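In what follows, a structure is listed as structure tokens, so that the remarks can point back to it.
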There are 2 protein chains.
Amino acid sequence: MKRPTIADVARRAGVSKGAVSYALNGQPGVSEATRQRILAIATEIGFSPSSAARALSGATARAIGLILARPARTLGIEPFFMELISGVEAELSARSYALTLQVVADQNAEIAVYRRWWGERRVDGVLICDLRTDDGRVPVLEELGLPAVVIGGPTGTGGLPSVWSDDAAALVETVEYLYALGHRRIARVGGLPELQHTAIRTQAFTEVCRRLGLAEAVTASSDYTGEEGARATRRLLSSRVRPTAMIYDNDVMAIAGLSVAQEMGLAVPADLSIVAWDDSPLCRLVHPPLTALSRDIPAYGAHAARQLMQLIEGSPTGGLEDEAPQLTPRGSTGPAPGNR
Amino acid sequence: MKRPTIADVARRAGVSKGAVSYALNGQPGVSEATRQRILAIATEIGFSPSSAARALSGATARAIGLILARPARTLGIEPFFMELISGVEAELSARSYALTLQVVADQNAEIAVYRRWWGERRVDGVLICDLRTDDGRVPVLEELGLPAVVIGGPTGTGGLPSVWSDDAAALVETVEYLYALGHRRIARVGGLPELQHTAIRTQAFTEVCRRLGLAEAVTASSDYTGEEGARATRRLLSSRVRPTAMIYDNDVMAIAGLSVAQEMGLAVPADLSIVAWDDSPLCRLVHPPLTALSRDIPAYGAHAARQLMQLIEGSPTGGLEDEAPQLTPRGSTGPAPGNR
DNA sequence: CTGAAAGCGCTTACAG
DNA sequence: CTGAAAGCGCTTACAG
């Protein structure tokens, strides 16, 4: 089956190729009656303009890129990325933009792909995740002039617009909530320390603990896997004065922490309160269900995609502060031991 | 910054554009010395050939498509898709192929996107997931002549090659293992009944139970969410003669089932044995860790991608049977009650 | 081994 | 409002 081209539509409509192009793209230059006739014929013979030809004649590639630079084993277990992608897609598909996804080993590989995509004109813009402190991708994207929106921030994004949420505020709210429940020894299992949002949360944690006069404000670092979450929990719960509340930087580690607590004979929340960052269906699967910091991740992705579309279309955009994560109390948090 | 074109490379090398093209694509027609000089210049000025121009002049788009037609909420919680994608990517990136990903609401939307991609020449081929019994995508892809590999099967794929694993054999092995442990009342919480692999598993389950003389071979249907897994478990465990072992079609439902058992005061595995299909790190996070049917999902994705590459390059391919899922016993299965 | 040229299928000024 | 034509950046026969 030969794929129809614009010439086929033009011939059947008895007009020039230019007229078909104008009709399809909603440009002035054809009468309304002609436009309708052309559109009907295009639909009838199943014509879609070649994306390559369009891109080559100066229009856009109608595709954006997203690169994930995490090991496959941590990508799969975190619902975050799939939820983000589905939100991005919702925004893109409304405009028939495609999403080009790539999974790479590290940031150098990621940067190489940006350079290649730029040279190939394969994408009109990119969304970048997992912002690091002093992120090497930012200057490269700025140098290339490849439109980019950072998912994260708001600092360290150079001149790139970002879509971000106020993690510091959410962390402060969480610690104050635990403090109100009587907790005085609060520990935290943080994510990869080189990630910007980890640093923001760690700093907020340290500051609010100091302000409230909590001495033992330990943050353990991890790689988001259940194994590391369990190991960090075991270590913290084995310390001389063990914490009565723990905050985890993702749901998988929180669930692993819950298991460790149970294995060590501690009741949750009677002996230990647990809070998970990034709510997910997993948090409601376990017993007790986990108190979590919830946010609408698909919406987050959709907002980032919308900002990028704007940027590609040439409207300046200053980025967007999304809603801060909401503390959603469930069964895993309660009054501190000896405080009931 | 203006992006360099093939003409820039040709000018600096003092050759024609044709010569540059031959050099870059490893075609005969240039001397080795010239080729090396051209390649060095291309690297130096950061030249990558425009994917649009390449695609337009008859070469391939160097992209394949993958469409996921599941609701966002079930996409995120199942590690399956991300693991599959990371395996696909590993195969693609070695050849600098891009992956175009789309998330749609239903199969009609999916078919519409295939038609559009074909018309746009946006992808050279597609990978299709979640094969249904009497799947509407198969005849459309065959009619279009869009190269496609089915992830699933091996039946119901029409003339399309498929990469599949022997789910029936794995299910039989599982039931026989539970039977050997003394279980005589085994129930199953299956996935979406319209999916081909669900049907295959259900049929295998029914047959092996009949062969072993197990009367109560109930299969409950579900949508893979924890909520439905929990509901089905509650219903099955409340029946007059409750099962002593349960098999779940995904890990999330198995974890939900474990929670329900605990909530109903049943010890796992003393009162109830649990088996999860598709092992994942989640299965090792809970207590007891779940016995599971494990397979290498990234490898599965990589194999499918490789088959598709072959198909695109014109080599006929008959599909591939991947390894059957392996039963991995952990703490959630044990002797049937009264059989210890 | 190399160069000049046609052509892929669009978009978009430029004439009429 | 419409048509003829140039041009996007490649690839690939076709001459030399």
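Small disclaimer: the values here were computed from a predicted structure and weren't measured. Residue numbers start from 1 in every chain, and the chains themselves are labelled A, B, ... in the order their sequence lines are given, proteins ahead of strands.
- Judged by distance alone, the side chain of B/D124 and the main-chain N or O of B/I64 form no donor-acceptor pair under 3.5 Å.
- Here the side chain of A/R115 pairs no donor or acceptor atom with the backbone of B/G46 at under 3.5 angstrom.
- For the pair A/R137 and A/Y114, the cation does not sit on the ring face, since its NZ or CZ is not both under 6.0 Å from the ring centre and inside 45° of the axis.
- Rounded to a whole Å, the CG atom of A/L24 is 16 Å from the P atom of C/dG9.
- Atoms CZ (B/R54) and C1' (C/dC8) sit 15 Å apart, rounded to a whole Å.
- Taking only side-chain nitrogens and oxygens, B/T34 comes nearer than 4.0 Å to OP1 or OP2 of C/dT2.
- The CD1-P distance, from A/I45 to C/dG9, rounds to 13 Å in whole Å.
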A/I67/A/V126 under side chain to side chain contact (heavy atoms under 4.5 Å, CB included): CA gap, chis, key distance, verdict: CA-CA 8 Å; A/I67 300 182; A/V126 297; over 6 Å; no

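- With rounding to whole Å, A/D8 atom CG is found 13 Å from C/dC10 atom C1'.
- A stem is defined here as three or more consecutive Watson-Crick or G-U pairs, each with both distances under 3.5 Å; for DNA chain D these stems are C:1-3 with D:14-16, C:5-12 with D:5-12, C:14-16 with D:1-3.
- Heavy atoms of other residues, nucleotides or ligands lying less than 6.0 angstrom from CG of B/D106 number more than 12.
- The nearest whole Å value for the distance from the CD1 atom in B/I6 to the C1' atom in C/dG3 is 13 Å.
- B/V15 comes within 4.0 angstrom of the backbone, heavy atoms only, and of no base.
- Contact annotation for B/T5: backbone-only contact, meaning every heavy-atom pair under 4.0 Å involves sugar-phosphate atoms and none involves a base.
- A salt bridge is defined here as a Lys NZ or Arg NE, NH1 or NH2 lying under 4.0 Å from an Asp or Glu carboxylate O, and B/E44 with B/R12 meets this definition.
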Give each protein N/O atom lying under 3.5 Å from an N/O atom of nucleotides 13-16 of chain D, with the pair distance.
residue : atom : partner : partner atom : Å
D/dA13  : N7   : B/Y22   : OH           : 3.3
D/dA13  : N6   : B/Y22   : OH           : 3.0

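- Tested against B/V20 for a side-chain contact (heavy atoms from CB on, under 4.5 Å), the candidates B/T5, B/I38, B/V30 yield a single pass: B/I38.
- Nucleic acid contact class of B/S16 (heavy atoms, under 4.0 Å, all strands): base.
- Side chain of B/R35 to main chain of B/A23: a donor-acceptor pair is present (N/O by atom type, distance under 3.5 Å, no hydrogens or angles).
- Annotation: cation-pi pair B/R70/B/Y224 present, NZ/CZ under 6.0 Å from the ring centroid and within 45° of its normal.
- Looking at the side chain of B/S57, the nearest of the listed nucleotides C/dC10, C/dT2, C/dG7 is C/dG7.
- Using modelled atom types, one finds no donor on one side chain facing an acceptor on the other under 3.5 Å when comparing A/S93 with B/Q102.
- We find that NZ of B/K17 is positioned 8 Å from P of D/dC10, with the value rounded to whole Å.
- For the pair B/R35 CZ and C/dT2 C1', the computed distance is 13 Å after rounding to whole Å.
- Comparing atom distances between the B/Q27 side chain and each of C/dT2, C/dC10, D/dT12 picks out D/dT12 as nearest.
- Residue-to-nucleotide proximity on DNA chain C shows that, of B/V30 and B/A53, the 5′-proximal contact is made by B/V30.
- In this structure, A/S21 reaches the bases: a heavy-atom distance under 4.0 Å links it to at least one base atom across the strands shown.
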